[in-house]
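Just below is one structure, and these are the notes that go with it.
We name chains A, B, ... by the order of the sequence lines, and we start the count at 1 in each one. Computation of the quantities below employed the complete heavy-atom set of this structure, encompassing side-chain atoms and omitting hydrogens, waters and symmetry-equivalent molecules.
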Number of protein chains: 2
Amino acid sequence: MTTKKPGNPVRGSDTGRPIMVLMDMLGQRWALRILWELRESRLTFRQLQQRCDQISPTVLNRRLKELRELHLIDHDGNGFGLTDQGEELGQHLLALDDYAKRWANTRK
Amino acid sequence: MTTKKPGNPVRGSDTGRPIMVLMDMLGQRWALRILWELRESRLTFRQLQQRCDQISPTVLNRRLKELRELHLIDHDGNGFGLTDQGEELGQHLLALDDYAKRWANTRK
DNA sequence: CGTATTTGCTACACTAAAAGTAGCAACCAG
DNA sequence: CTGGTTGCTACTTTTAGTGTAGCAAATACG
């Protein structure tokens, strides 16, 4: 398998455009959620599992690996956490949270 | 199946928090891409299919249905397009595109 | 030291989701 | 009527994700 990183082709787009790589990554189940849960603090594998509704370890491990390859998260003695770049992406998720609230309100 | 909308529980979160509903939707394959492709102009079913790397009609149809239920896209004589709310989400995707470019650059 | 717990992770059998191909009914243009 | 386009559905095959069990390594404690 080709390593997943900006510049390489991804599912549904062989241009390697960064946005395509990113959408490819985020379009996989639990990817967004994992980043979301890591915004506030570092978490261990099992803590993450709990927060993500007991996601199966198989997928969690795969997602963590992929997200690490993309340098969006890293791992140290305190568990998993966002890199600087992941943090920045987290800000976008926060903006998305704002949007989502308004979105939900306009359609009650 | 429970209709997918803010306020109702989703995969991995029974709180119905709007961000969870949104992440649940966007975390499905092709959802982000479809919104992305509809940013510029309305497209027919088959045009969308072409732009999304020949996505299978089965999934395209399902995604379109889901996105319509969430009022992010709609359908008229000119095909499928973003609603006002979808447009707003599209702006966030545009911001994400900016981010992605910088992200890719810092790791060449 | 021994042993108990927690760490990240893997194996495996199972189910759900997506892919790929074909084709249909409704609509319109010529 | 014919030929093309529309959105969509019915299949079968392949891929992705689930659920459960458990392992080796590291840490904590007596």
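- Atom CZ in B:Arg46 sits 10.5 Å away from atom CD in B:Gln54 (nearest 0.5 Å).
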Taking distance alone, no hydrogens or angles, what donor-acceptor pairs closer than 3.5 Å link side-chain atoms of residues 86-94 of chain A to residues at least two apart or in another chain?
from    : atom 1 : to       : atom 2 : distance (Å)
A:Glu88 : OE2    : B:Arg102 : NH1    : 2.3
A:Glu88 : OE2    : B:Arg102 : NH2    : 3.4

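- Side-chain nitrogen and oxygen atoms of B:Asn61 include none within less than 4.0 Å of the OP1 or OP2 phosphate oxygen of D:dG7.
- If you take CG of B:Leu48 and P of D:dT5, they are 17 Å apart, rounded to a whole angstrom.
- In this structure, CZ of B:Phe80 is placed 14 Å from C1' of D:dT5, rounded to the nearest angstrom.
- Taking five base pairs at each end of the helix from C:dC1-D:dG30 to C:dG30-D:dC1 and finding the rotation axis that steps the C1' atoms of four pairs onto the next four gives two axes whose angle is 30°, to the nearest 10°.
- Within the 4.5 Å cutoff, side-chain heavy atoms of A:Tyr99 are placed close to those of B:Gln85.
- Taking atom NZ on B:Lys65 and atom P on D:dG7, their separation rounds to 17 Å, with Å as the unit.
- In terms of the salt bridge (charged side-chain N to carboxylate O under 4.0 Å, His left out) criterion, residue partners of A:Arg63 (sequence neighbours excluded) are, by chain and number, A:Glu66.
- Side-chain nitrogen and oxygen atoms of A:Arg62 include none within less than 4.0 Å of the OP1 or OP2 phosphate oxygen of C:dC9.
- For the pair B:Gln47 CD and D:dG7 C1', the computed distance is 13 Å after rounding to whole Å.
- Rounding to whole angstrom units, CG of residue A:Leu32 and C1' of D:dG17 are separated by 16 Å.
- Across the protein-nucleic acid pair, A:Phe45 atom CZ and D:dT27 atom P stand 19 Å apart, rounded to whole Å.
- Applying the salt bridge (charged side-chain N to carboxylate O under 4.0 Å, His left out) test to B:Asp98 and every residue at least two apart in sequence or in another chain returns nothing.
- Under the side chain to side chain contact (heavy atoms under 4.5 Å, CB included) test applied with B:Gln49, the options B:Ile55, B:Thr44, B:Asn61, B:Leu43 reduce to a single match, B:Ile55.
- Under the salt bridge (charged side-chain N to carboxylate O under 4.0 Å, His left out) criterion, A:Lys65 pairs with no residue, sequence neighbours left out.
- Atom C1' of nucleotide D:dT6 and atom CG of B:Leu64 are separated by 13 Å, given to the nearest angstrom.
- A salt bridge links B:Asp74 and B:Arg42; the closest N-O separation between the charged side-chain nitrogens and carboxylate oxygens is under 4.0 Å.
- Phosphate proximity of D:dC8 to B:Arg68: present, with a side-chain N or O under 4.0 Å from OP1 or OP2.
- Rounded to the nearest 0.5 Å, atoms CH2 (B:Trp103) and CG (A:Leu72) are 5.5 Å apart.
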I'd like a table of atom pairs between the protein and nucleotides 19-25 of chain C - only N or O on both sides, under 3.5 Å - with the distance next to each one.
from   : atom 1 : to      : atom 2 : distance (Å)
C:dA19 : OP1    : B:Arg29 : NH1    : 3.0
C:dA19 : OP1    : B:Trp30 : NE1    : 2.8
C:dA19 : OP2    : B:Trp30 : NE1    : 3.3
C:dG20 : O6     : B:Thr58 : OG1    : 2.8

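- Residue B:Arg42 contributes atom CZ, which lies 18 Å from atom C1' of D:dT5 at whole-angstrom precision.
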